[in-house]
**Q** 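One structure coming up, written as structure tokens, with questions to follow.
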Amino acid sequence: MEFSELIRTGRAEALLLPGPGQPPVRGTLCITSHHLLLSAGHGSPGDLWLLLRNVDAVEKRPQSLRLGDAANLHPPDHFYQQVALQTDAWRLSAVNRDFDVCASYPPALVVPVGIGDEVLARSARFRQGGRFPVLCYYHTTNGTVMLRSSQPLQGANRRRCAEDEELLRAVLALGGGRGLVLDTRSAQAVQQARITGGGTEAKAAYPGWKRLHRPLERGRPLQDSFVRLVEACTDPSLSMDRWLSRLDGCRWLTHVKETLTAACLAAQGMDREGVCILVHGAEGTDTTLLVTSLAQLILDPKCRTMSGFQSLLEREWIQAGHPFQQRCAHSAYAQARPKHEAPVFLLFLDCVWQLSRQFPLSLEFGEGMLLAVFEHAYASPFGTFLCNSEKERYLCEVKTKTHSLWSSLNQSKERRRLRNPIYTPNPLALWPSVEPQSLQLWAGLFLRWTRPPEPAQEAWEQLWRIVTEQEGGDTL
Amino acid sequence: MLSTHISLEDTPTLYSAPSSSTKRSYIWRLKVEQVKLLDRFSTSNKSLTGTLYLTATHLLFIDSLQKETWILHHHIAAVEKLALTTAGCPLVIQCKNFRIVHFIVPRERDCHDIYNSLLQLSRQAKYEDLYAFSYNPKQNESEQIQGWQLIDLAEEYRRMDVPNLNWKLSDANRDYKICETYPRDLYVPRAANKPTIVGSSKFRSKGRFPVLSYYHQDKQAAICRCSQPLSGFSARCLEDEHMLQAINKANPSNRYMYVMDTRPKLNAMANRAAGKGYENEDNYSNIRFQFVGIENIHVMRTSLQKLLEVNGTKGLSVSDFFSGLESSGWLRHIKAVLDAAIFLAKAIVNESASVLVHCSDGWDRTSQVCSLGTLLLDSYYRTIKGFMVLIEKDWISFGHKFSDRCGHLDGDPKEVSPVFTQFLECVWHLTEQFPQAFEYNEAFLLQIHEHVHSCQFGNFLGNCQKEREDLKLREKTYSLWPFLLDDQEKYLNPFYTPSSQKFTVLEPNTVPFNFKFWRNMYHQFDRTLHPRQSVFKLIMNKNDQNKQLEKEIKELESKIKQQKTRHTDTVLTKESLHCIHADSPALKPSLCFKKEQTLLPVNDAIRTIEGSNTADNRYSEYAEEFSKTEPAVVSLEYGVARMTC
């Protein structure tokens, strides 16, 4: 009969996932000419019979992914709970509950315990985009902290804001009395910014806070650098001299060096000098995040694990409001160059890769993870990198309507691709060398399609074999 | 991308420092206290204070932490006394292994003494004064002889299946009568008789006529080498033409052969005016002539000097680094050498054609191209032993002028050139592209480079075999190779997967972006520039631990056996022995991991990994930055604040 011809697989082991509160049923699934049948075995009461005519819609879901996983994987208040274990000097504020105070911040923010929500709201009005100083890292070994914000709206007539000063005073009181504002723009750029209403913390207004300018490129120059690098990397006709001069001319590795240096300075300040660090540039959504996230990777061993790195990305990039939609819309080949396009996040990944080259045992994730994150940031079937801020994501119901990248990356089949087989937990800080001789072009990314990947891949596979042979013995 | 990082701890300083037992017997010729050793790259003149000693063979600096820095006098390439400063008299020592040390000696008089002594000690006029003649590794005579016999080139030619139907051993150069710079044993085509050889050698610069360097058994094609013909603008030599014809005939699988002139065409043409030159395709039948354009030793020397100059700069920016790398041309030269080797390998593999390689004198570029070409063709040379054979064959025996090129003796500085260093760098680039193809690792290449310059072993002394025999090196000095073989484990590549076939050809890609600056060579001693953790070390550690545990298992087994023989009828039965066998592998990893984890102290804020320290890295001199006064800010009166709160 023709019905049976349609049945390719008559039987399969299956798991029925019923509604909440009930245990799943494991059994054999059979398709007959007229029925779908799930039987858990002899004598079990709940055999399922479905008349095929009764099936209204069939949907195949991605393997082992479920909506809403993302929220459970890296819950927003997880960071605060970690801090709260160490100290009670910081509290979780819900002042941005409705995204009223700051559109690009998430609803939950960590602030000094003595500072009320109204002070925060006023401080927010003194900061561009409402991004008032919030805690982003608590250094367990000596209790110093790192905060990030946007530039204060000082303006040409040097306005001040009592609440903002109070907030930063409270930070110093909690974190050892000395502070450093790491401004990711040059002193000259700050002066320029004053004309348009921006600026930086005046010394007189914030006693105890020193200031350091570490100019980091962003926006158009960074995008141009990226485009020129990719052009050079995809041109196999270059002579040796042309290649080196174009590698030099695109300045990408200069950006890598500058970024790593700034992050190392921030980390060094906290770890060695015992000062609190406030990082900001102009909007506080680009170079600021580069510095804060890299500094954490340098100092905090937890960030170097697979889940720690994901939670770092989630916290310091996604929830912290890096505008992925604007920055990662077109990559390097776009004909028209959109104004907001900039590979800031890619620069971060490159810096992480440099760290992984210098400390090959200290990161739990491998190059594959960085490549996967890079790809998904630019184009992805997952919702993780969608939108520009938590507010937009909330409005678009991203969390309930899309799948999370993290649950896909955490599947065991991805293990060999993403993980570092020789990872050995390392409780110490990673101080990388930033000399030009120590920095390398990230061949795995930039030369990915221009050279045969086989030898490197085979060596990677072999490394896995060597290590898993030993582990294999372990599980015997 | 993945490669093994060799951190400094792995690059063995084997034999370059005497063992502690012999140290006492050293007589300090000079001892200066309160000497400062400057950090080469620090912008704030960071330094270590210690005592400087001069011995007959080494310069030794012991700092306040009792860390010793040994520098062999022969490694010193240049000593420079800089202008007196308030701290003392600066003395900069540059070494041939790319170590650069910068001392500050408190008294100018002492500095002058050291300077003069070093000048004398580092430049010997006679071979007999070199370290190798006094170095005594406590081997007896038979060990010494065995060491020298470790590499046997006759056996190597037998491995290639030579002599055979088409190639024979010639005794023409038995007494170095035909060519002084060639070895005694030469392999030539069977058809080449004595008059042909003699005639051909008279037509070649320095008498270096075409001889066999490598025979490819599978393709029946040969790599031959020689020097340039003395052709001038029109000269011919029938014997030389016969010689090439004989080489061509010796290869039944192809009608034509290639003649590769490794020089740039312009240089070769200029040589014609001096009565030398290159083969005229019209005079030789069935040859295909090809220039490959590798620059001469003088260009290479200047190029490396430029490269080192750039890299020695304090506070080097990324941009200066790359423009320096470009203007030095170093990587361009490396690529040219590799491209030539690839051309050679392709001619053999794809066309089964024999190739004759030459340059001017046939001992620099020819050695580079022949050795690299065979390295691509024959997987034997990618093993530790094979690599030693390759160096013995194409470099030492065919008369690469090691003593002149490395400046072993005080001689013409224009003869010094990093030709062999380039060869090692090309091999390193191959190991980077083919991480699984080589049995040896980077440390092996670095160690060979170290001893090419150290004059500690006899292998690289002298400029040709005749000179070595005259010096009686085999009796008076020791061979390096057995010492390297004894330490083999340090030089093994953990990723090495031996290929099942003898002829697995490597086909490297020489697009420019595959060439990198070789940091571990040129900054070997600049600890702060290296990766802080080593994959290589980890894997080697694991292997060591496994070996140790296997040993323990064996010991335990033998104990059990003893027990068994003592009480034959007690509880220990065969089954229990089996049990131990099956369980033993499970012991390994768990123990390994425990051991490793205890290595790293938990929550120790002061200690950092393997020299990873903020102070080493010069992110910026932090204290300065932190206490710096704010730059005066010009307030801008004009301009309207557009942003309001």
Side-chain angles (χ1 to χ4, degrees), chain A residues 125-126 141 153 155-156 187 191 194-197 203 210 212 233 236 238 240-241 243-245 247-248 253-254 257 261 264-265 268 272-273 357-362 422 424 426-431 433-438 443-444 447 451 455-456 458-460 462 466 470-471 473-474 476, chain B residues 1-2 5 311 316 318-319 321-323 325-326 331-332 335 433-436 495 509 511-515 517 519 523 528-529 531-533 535 538-539 542 585-586 588-590 592 596 600 602-603 605 607-609 612-614 617 619-620 622 625-626 630-631 633 636 639 641-643 645:
Chain A
R125 273 188 271 160
F126 183 61
T141 45
L153 300 175
Q191 275 184 39
R194 281 208 190 93
I195 303 172
T196 51
K203 234 179 176 181
K210 302 252 175 189
L212 190 66
C233 288
L238 291 178
M240 182 62 79
D241 287 359
W243 158 250
L244 287 173
S245 90
L247 193 58
D248 171 25
L253 283 168
T254 306
K257 177 181 156 83
T261 312
C264 290
L265 266 174
Q268 191 184 3
R272 296 299 153 103
E273 313 284 330
R357 296 289 294 186
Q358 295 195 26
F359 299 88
L361 314 184
S362 298
I422 48 175
T424 320
N426 169 7
L428 305 169
L430 312 179
W431 302 111
S433 163
V434 294
E435 300 290 328
Q437 292 98 320
S438 308
L447 304 176
R451 64 179 208 181
E458 272 168 23
W460 180 256
Q462 202 187 345
I466 293 172
Q470 294 213 341
E471 277 176 8
D474 206 11
L476 259 176
Chain B
M1 247 316 293
L2 184 127
H5 295 295
N311 291 325
L316 182 67
V318 175
S319 174
F321 172 67
F322 279 114
S323 56
L325 198 59
E326 182 203 337
L331 288 179
R332 192 182 65 223
K335 176 173 151 59
Q433 271 198 44
F434 303 97
Q436 294 176 300
F495 297 112
N509 187 344
V511 285
F513 28 73
N514 279 338
F515 290 86
F517 170 69
R519 182 187 52 215
H523 288 293
T528 54
L529 299 187
R532 307 311 155 87
Q533 290 178 320
V535 176
L538 174 97
I539 293 176
K542 285 202 168 173
K588 295 186 222 171
S590 54
C592 289
E596 264 160 43
L600 296 165
V602 182
N603 266 343
R607 244 210 67 180
T608 46
I609 350 166
S612 159
N613 191 318
T614 50
N617 287 305
Y619 303 127
S620 101
Y622 204 88
E625 294 272 5
F626 197 63
E630 202 150 311
V633 182
L636 297 166
R642 274 191 293 154
M643 275 186 265
C645 329

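The sequence lines fix the lettering, A, B, ..., with proteins before strands; numbering per chain opens at 1. Worth knowing before you read on, the calculation uses all heavy atoms, side chains too, and leaves out hydrogens, waters and symmetry mates.
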**Q** Roughly how far apart are A:Leu247 CG and B:Ser319 OG, rounded to 0.5 Å?
**A** 10.5 Å
**Q** Which of these passes side-chain contact (heavy atoms from CB on, under 4.5 Å) with A:Pro436: B:Leu325, B:Leu316, B:Asn311?
**A** B:Leu316
**Q** Please list, chain by chain and in numerical order, all residues satisfying ring pair (Phe, Tyr, Trp, His ring centres under 6.0 Å) with B:Phe517, sequence neighbours excluded.
**A** B:Phe321, B:Tyr522, B:His523
**Q** Taking side chain to side chain contact (heavy atoms under 4.5 Å, CB included) as the test, write out the residues that go with A:Ser438, two or more places apart.
**A** A:Gln358, A:Ser433, A:Glu435, B:Arg519, B:Leu529
**Q** Can you tell me how far the CZ atom of B:Phe513 sits from the CG atom of A:Leu238, to the nearest 0.5 Å?
**A** 7.5 Å
